[in-house]
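Note that ligands are numbered from 1 as they come in the structure, with each ligand's atoms numbered from 1 the same way. Residues take their numbers from the sequence shown, with the count starting at 1.
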Amino acid sequence: MRQAGRYLPEYREVRQQAGGFLNLCYSPELACEVTLQPLRRFDLDGAILFADILLIPQAMGCELDFRENEGPVLGKIGSSRDVARLASGIGDLNKTLSPVYDAVSLIKANLDSDKTLIGFCGAPWTVATYMIEGGTSVERASSRLAAFANEDWLNLLIEKLVASSIEYLAGQVEAGAEVLQVFDTWSGDLSGELLDRYCFAPIAAIRSELKKRYPHVPVIGFARGVGVSQTDFVDACDIDGVSIEWAVNTKWARRNLTDRCVVQGNLDPLCLIGGGDGMFNATKLILDDLPMERHIFNLGHGIRKETPPEHVTDLVSFIREFDGAARP
Ligand code: CP3
């Protein structure tokens, strides 16, 4: 959940040197460096590739820019003609994405063997919303309207994103990624049959193809905001782990999810800004509810840039001590 990033002064320095976020993503040496920065500071179990879910739209031919204090800006997609122009063949994609695979190989070569390297991509629905809205949007109204209307161009866009995501994740595995995570940040936009069609079915298609090619590589899913449909998510997508946002009740997760798969989460990243007892108490509630052998401790969403790095140090030592002493 953005363990590399702007809360670390050493990240800000490299980012400035690179001349922007995208340059960082496409420079294997620098992407490797910022991926490893948090592991030098904190006693973590894994590294997550430094990249972004919006590199796929860019590789498909969509314009992409990250502006200071504005977030991502994309060329908008909203018709069959727009979608027809997008590439999804492996050759086209890899022209843009090969530096990401080089970054994975470099990270793997420089990572201690007891640390896990996680690769990732965005889920088709979430990535589609950024392409349709042209960036971050509060309501994602055009995307939801297209889903309600069962627009052909949306269905084709999702199909192309499924194909691209499979090749992108396969490229990461070939380069050394050991676990994959699929982020569906905006799956809470949909429910019922539309949630199945636009969120679960595309992730299930990605998962099943990866299982065929790499049966040993576990996949973690993150379907934010789907509430009680988390159980359907795990069942429909055949995932090995489910990452839950901070709003999910961990007692509910214990009753409904830990028998199905491993649960990852779910501290509110805001706790890390306050630190101290507020953070420790919230952490203890999670550790008490979720059994150690079925739980990967993580945040419930991306770390905030105002986070004091010392609070992350405190959090990790609290968890290590707790695991050593109090958990079954
Ligand atoms: O350390 C890691 O977690 C790995 C790298 C990673 C990033 N983005 C780097 C990043 C991962 C896994 C992501 C996923 C991602 N990107 C998601 C899904 C997870 C989530 O947060 O819900 C989404 C929706 C995006 C799209 C995205 N990328 C947005 C909306 C933004 C702007 C928001 C912001 O904080 O400025 C980004 C930029 C981004 N991606 C940053 C980082 C470290 C900040 C970039 C910078 O200015 O340096």
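The pair K284-E321 fails the salt-bridge criterion, with no side-chain N (NZ, NE, NH1 or NH2) lying under 4.0 Å from an Asp/Glu carboxylate O. The residues D288 and R254 are annotated as not salt-bridged, no charged nitrogen and carboxylate oxygen being separated by less than 4.0 angstrom.
With sequence neighbours excluded, no residue satisfies side-chain hydrogen bond (donor to acceptor under 3.5 Å, both in side chains) with K160. Every residue two or more places apart in sequence or in another chain was checked for a salt bridge (Lys or Arg N to Asp or Glu O under 4.0 Å) with R81, and none qualifies. Checked against ring-ring contact (aromatic ring centres under 6.0 Å, His included), Y214 has no partners two or more places apart in sequence or in another chain.
For the pair C237 and A204, the tightest heavy-atom approach, listed with the atom from each and the gap, is SG-N, 3.8 Å.
The immediate protein surroundings of ligand 1, defined as residues with any heavy atom under 4.0 Å of it, consist of M1, R2, Q3, A4, R6, Y11, R15, F21, I48, L49, F50, A51, D52, I53, F66, P72, F120, Y130, T136, F183, T185, H301.
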